[in-house]
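Predicted, not measured: the structure shown is a model, and the values here were computed from it.
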Amino acid sequence: MSANTIKDLTAGTAGGIAQVLVGQPFDIVKVRMQTSPKGTYKGMLHCGAGILKNEGPLAFYKGTLTPLLGIGVCVSIQFGALEYAKRVFAAQNIASGRGGEGGKMLSGDQLFIAGVGAGIANGFVSGPVEHIRIRLQTQSNTNPMFAGPFDAIKKIISQHGIPGLFKGQCVTFLREATGYGVYFLVYEKLIQREMLMKGIRREEISPINPVLYGAAAGYALWAVIYPIDMIKSRMQTDGFTPSTGQQYASARDCARKVWRTEGTGAFTRGLGPTLIRSPFANGATFLGFELASRLLYS
């Protein structure tokens with residue numbers, strides 16, 4: 001593994017930790033609204049108030065250990081794969097005389113492909129990590145099935161094998177590839193625009209810009225993937241077998257049944273806390289990555 005890849009992975013980890021600490025309270029509200037029966041909550045504030053009243057303030061960080069460890073790794077992988085792909089494309093640009101200084105001004109197609117690759121690489125880890133997190137976020141507070149993330153992993157593997165951890169994995173790959181292709185395309189194009197308009201290098205960009213551009217990229221991501229994310233959440237809270245309450249045979253079956261029984265509104269339920277969370281969590285992610293990268297590459 002090259003020194004640059006290690007630096008990218010480390011900077012990505014910093015971005016991932018920032019994302020979890022900022023975004024977790026919003027995420028649990030989103031998941032509860034996505035996975036609860038229609039009519040359970042009147043809206044985001046009703047859901048949040050119910051969690052606070054019935055479970056206390058620490059409930060907003062329920063299951064945080066899993067994403068803190070796992071999302072740190074996930075975002076590390078995202079940025080590691082992205083930056084590696086960017087270097088490959090930059091080398092191709094140099095060979096063909098494109099891309100400006102060092103071939104680093106990648107085209108939209110190159111950035112989208114790099115983002116898709118980053119998303120797929122990330123999906124191998126994010127699938128089981130988010131599965132465990134969602135199980136912990138949605139379990140009963142008075143009679144919990146799992147004592148914590150490691151207990152959940154142990155019980156799921158003992159009852160359903162390793163494949164049980166990867167429940168909902170196909171729809172996870174679809175979400176990650178589609179979402180991160182758009183996510184990194186938007187962010188990197190905004191960064192390129194700032195550099196070209198002001199005639200500056202990447203490390204000279206004001207720290208406020210990664211926050212703003214990360215927020216914009218986050219909105220673009222969720223605009224594309226939210227219905228897919230809802231299906232993933234349903235799949236990952238569904239029973240493993242008919243005897244344990246399995247409702248959906250596949251992601252397609254899930255989408256069809258939700259459409260038929262709950263209507264189109266179910267595909268955007270929980271969008272409010274997601275849109276509020278997005279600029280803070282994604283802004284923190286890119287700020288953490290950019291600042292850590294500047295430190296590591298200086």
Side-chain angles (χ1 to χ4, degrees), residues 20-21 23-71 126-169 171-172 226 229-249 251 253-255 257-258 261-262 265-274 276-277 281:
V20 171
L21 294 178
Q24 182 72 356
F26 298 101
D27 190 72
I28 191 170
V29 173
K30 180 204 75 170
V31 169
R32 292 286 182 92
M33 292 183 71
Q34 283 181 330
T35 59
S36 298
K38 185 177 182 179
T40 301
Y41 301 114
K42 297 177 182 177
M44 174 186 69
L45 295 178
H46 182 226
C47 179
I51 294 172
L52 181 63
K53 178 181 177 181
N54 299 321
E55 303 173 47
L58 293 180
F60 289 102
Y61 282 92
K62 184 183 289 186
T64 297
L65 180 60
T66 306
L68 197 59
L69 297 175
I71 300 301
S126 69
V129 166
E130 293 197 10
H131 181 204
I132 296 301
R133 176 174 66 173
I134 287 174
R135 293 284 177 187
L136 293 172
Q137 287 177 333
T138 57
Q139 69 177 349
S140 168
N141 192 52
T142 55
N143 187 29
M145 183 180 296
F146 307 115
F150 299 110
D151 182 54
I153 292 170
K154 179 181 177 182
K155 287 179 177 176
I156 290 172
I157 291 177
S158 67
Q159 295 171 20
H160 308 288
I162 296 293
L165 291 177
F166 289 86
K167 186 173 176 60
Q169 190 64 28
V171 71
T172 297
Y226 196 82
D229 185 69
M230 186 283 297
I231 295 169
K232 182 192 76 70
S233 293
R234 293 290 183 102
M235 293 292 294
Q236 292 183 330
T237 53
D238 195 24
F240 288 91
T241 63
S243 63
T244 58
Q246 184 181 26
Q247 300 181 62
Y248 311 118
D253 181 54
C254 176
K257 286 180 177 177
V258 170
T261 60
E262 302 178 46
F267 291 90
T268 56
R269 190 182 302 153
L271 184 59
T274 301
I276 293 174
R277 168 191 180 272

Legend entry - Minimum heavy-atom distance between Cys47 and Arg32, given as atom pair plus value: SG-CB, 3.8 Å
Inset, instruction - Using salt bridge (charged side-chain N to carboxylate O under 4.0 Å, His left out) as the criterion, list what pairs up with Arg277, not counting sequence neighbours. - result: none
Inset, instruction - Might you work through the salt bridge (charged side-chain N to carboxylate O under 4.0 Å, His left out) test for Asp238 and Arg234, ending with a clear yes or no? - result: CA-CA 6 Å; Asp238 195 24; Arg234 293 290 183 102; over 6 Å; no
Legend entry - Worked check of side-chain contact (heavy atoms from CB on, under 4.5 Å) between Leu271 and Met33: CA-CA 9 Å; Leu271 184 59; Met33 292 183 71; over 6 Å; no
Inset, instruction - Decide yes or no for Ile132 and Ile156: does some side-chain heavy atom of the first lie under 4.5 Å from some side-chain heavy atom of the second? - result: yes
Legend entry - Interatomic distance, His160 atom NE2 to Ile157 atom CD1 [nearest 0.5 angstrom]: 11.0 Å
Legend entry - Interatomic distance, Thr237 atom OG1 to Lys232 atom NZ [nearest 0.5 angstrom]: 9.5 Å
Inset, instruction - List the atom of Ser243, the atom of Thr241, and the distance in Å for their closest heavy-atom pair. - result: OG-OG1, 2.9 Å
Legend entry - Any residue meeting side-chain hydrogen bond (donor to acceptor under 3.5 Å, both in side chains) with Tyr41, in chain and number order, not counting sequence neighbours: none
Inset, instruction - Give a yes or no on whether a salt bridge exists between Arg135 and Glu130, defined as a side-chain N under 4.0 angstrom from a carboxylate O. - result: no
Inset, instruction - With the side chain counted from C-beta on, respond yes when Gln169 and Pro163 share a heavy-atom pair under 4.5 Å apart, and no when they do not. - result: no
Inset, instruction - Write down the atom of Ile231, the atom of Ala255, and the distance for their closest heavy-atom approach. - result: CD1-CB, 3.6 Å
Legend entry - NZ/NE/NH1/NH2 to OD/OE distance under 4.0 Å, Glu262 and Arg269: yes
Legend entry - Residue pair Lys167 / His131: nearest heavy atoms and the distance that separates them: CB-CE1, 3.8 Å
Legend entry - Closest contact, heavy atoms only, Ala251 versus Val171: CB-CB, 4.1 Å
Legend entry - Set of residues satisfying side-chain hydrogen bond (donor to acceptor under 3.5 Å, both in side chains) with respect to Gln247, sequence neighbours excluded: none
Legend entry - Partners meeting side-chain hydrogen bond (donor to acceptor under 3.5 Å, both in side chains) with Thr274 (sequence neighbours left out): none
Legend entry - Flag side-chain contact, heavy atom, 4.5 Å: Phe240 against Gln246: no
Legend entry - Closest contact, heavy atoms only, Ile134 versus Gln236: CD1-OE1, 3.4 Å
Inset, instruction - Could you pull out all residues at least two apart from Gln139 that satisfy side-chain hydrogen bond (donor to acceptor under 3.5 Å, both in side chains)? - result: none
Legend entry - With sequence neighbours excluded, residues passing salt bridge (charged side-chain N to carboxylate O under 4.0 Å, His left out) with Lys155: Asp151
